[in-house]
Amino acid sequence: MANKGRSEPGLFGSVNHYDEHGKKVGHSDPGLFGGYTHYDTDGKKIGHSDPGLFGGYHHYDTNGNKTGHSDPGLFGGYHHHDANGKSTGSSDPGMFGTYHHSDNQGCYVATCVYGSYDCPQVWTLRRFRDNTLAATVPGRALIRTYYAISPTIVKWFGKTKWFKTLWQGILDSMVQRLNRSGVEDTPYNDKDRR
């Protein structure tokens, strides 16, 4: 996961945003009904975020077009998605109200184990997620749980050999069963999971 910067609390509920080099790139002021209005470093309005159900946020540009959403994670962070529902990264809480932002590369167990989001094993698993799990209520609940827990687990243990070895065996077995049952391992584009 690559560092994408951080956000720190400011005065009167505002939030200051910094890039990965510590340079301030903007700020967000609290809105009237719990959301935020976002500004660049020159004070120009660049969008807003409105609260969603269950603690998330919906993000919009200055014209009111939806640009994405953020869902709360298991341990107080957020998982970010673009307007098509594709994961764009996560924000993990730090000390004193700060958040550290990361891109999504290598954030999940299968990507961590196989080293790429685009490889035959992960294409198989993504097809199974979109075409089988997402078709049922319990499957969708499993997907939500996985995406709430997986980034944090990988952040804590993803660089350890025992973690990759453990999950490699489990995932290899699952991928082989899925391939035998007809799930392809060819290049794949995720379906919109909104």
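Counting from 1, the numbers follow the sequence of the chain as shown.
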Which word best sums up how the rings of H48 and Y60 line up, parallel for under 30°, tilted for 30 to 60°, or perpendicular for over 60°? parallel
Looking only at non-hydrogen atoms, find the nearest pair between N179 and T124 and report the distance. ND2-OG1, 3.2 Å
Pairing donors with acceptors under 3.5 angstrom, does anything connect the side chains of T67 and H59? no
Identify the heavy atoms of T186 and R127 that sit nearest to each other, and give their distance. O-NH1, 2.7 Å
Crowding at CG, N189 (>12 non-hydrogen neighbours, <6.0 Å): no
Could you pull out the closest heavy-atom pair between S28 and H17, with the gap in Å? OG-NE2, 2.7 Å
S173 versus R177, side-chain donor and acceptor atoms under 3.5 Å: yes
Using 30° and 60° as the class boundaries, would you call the ring planes of H69 and H58 parallel, tilted or perpendicular? tilted
Under 3.5 Å donor-acceptor, D130 side chain and A134 backbone: no
Smallest separation among heavy atoms of G13 and P30, with atom names: O-CD, 3.5 Å
Would R6 count as a cation-pi partner of Y18, with NZ or CZ less than 6.0 Å from the six-membered ring centre and within 45° of the ring normal? yes
Residue among D40, T41, D19, N16 satisfying side-chain hydrogen bond (donor to acceptor under 3.5 Å, both in side chains) with K24: N16
How long is the gap from CD on Q121 to OG1 on T111, to the nearest 0.5 Å? 11.0 Å
Pair H80, T88 - check side chain to side chain donor-acceptor pair (under 3.5 Å), show working. CA-CA 5 Å; H80 309 297; T88 58; 5.7 Å; no
How long is the gap from CG on L171 to CG on L166, to the nearest 0.5 Å? 9.0 Å
Report yes or no: does R126 contribute a side-chain atom to a donor-acceptor pair with the main-chain N or O of Y188 at less than 3.5 Å? yes
Identify whether M174 and Y114 are in the same connected component of the hydrophobic contact network (ILVMFWY, side-chain heavy atoms under 4.5 Å). yes
How would you list, by chain and number, every residue that makes a side chain to side chain contact (heavy atoms under 4.5 Å, CB included) with F163, sequence neighbours excluded? V109, C112, I153, V154, F157, T160, W167
Between K66 and D50, does a salt bridge (charged side-chain N to carboxylate O under 4.0 Å, His left out) hold up when you go through it step by step? CA-CA 10 Å; K66 188 170 183 182; D50 295 334; over 6 Å; no
Can you sort out the partners of T98 under side chain to side chain contact (heavy atoms under 4.5 Å, CB included), two or more places apart, ordered by chain and number? E8, P9, H100
Are W123 and V175 connected in the hydrophobic side-chain network, where two residues link if heavy atoms are under 4.5 Å apart? no
Cluster check Y78, I143: I/L/V/M/F/W/Y, side chain < 4.5 angstrom: no
Aromatic ring pairing Y57/Y36, orientation class (parallel under 30°, perpendicular over 60°, tilted between): tilted
Write down the atom of V122, the atom of S116, and the distance for their closest heavy-atom approach. CG2-O, 3.4 Å
Which atoms form the tightest heavy-atom contact between R140 and A135, and what is the distance? NH1-C, 3.6 Å
Would you say H81 and S70 make side-chain contact, with heavy atoms under 4.5 Å? no
With rounding to the nearest 0.5 angstrom, report the CG to CG distance, L178 to N131. 11.0 Å
Tell me whether I46 is reachable from V15 by hopping between hydrophobic residues (I, L, V, M, F, W, Y) whose side-chain heavy atoms are closer than 4.5 Å. no
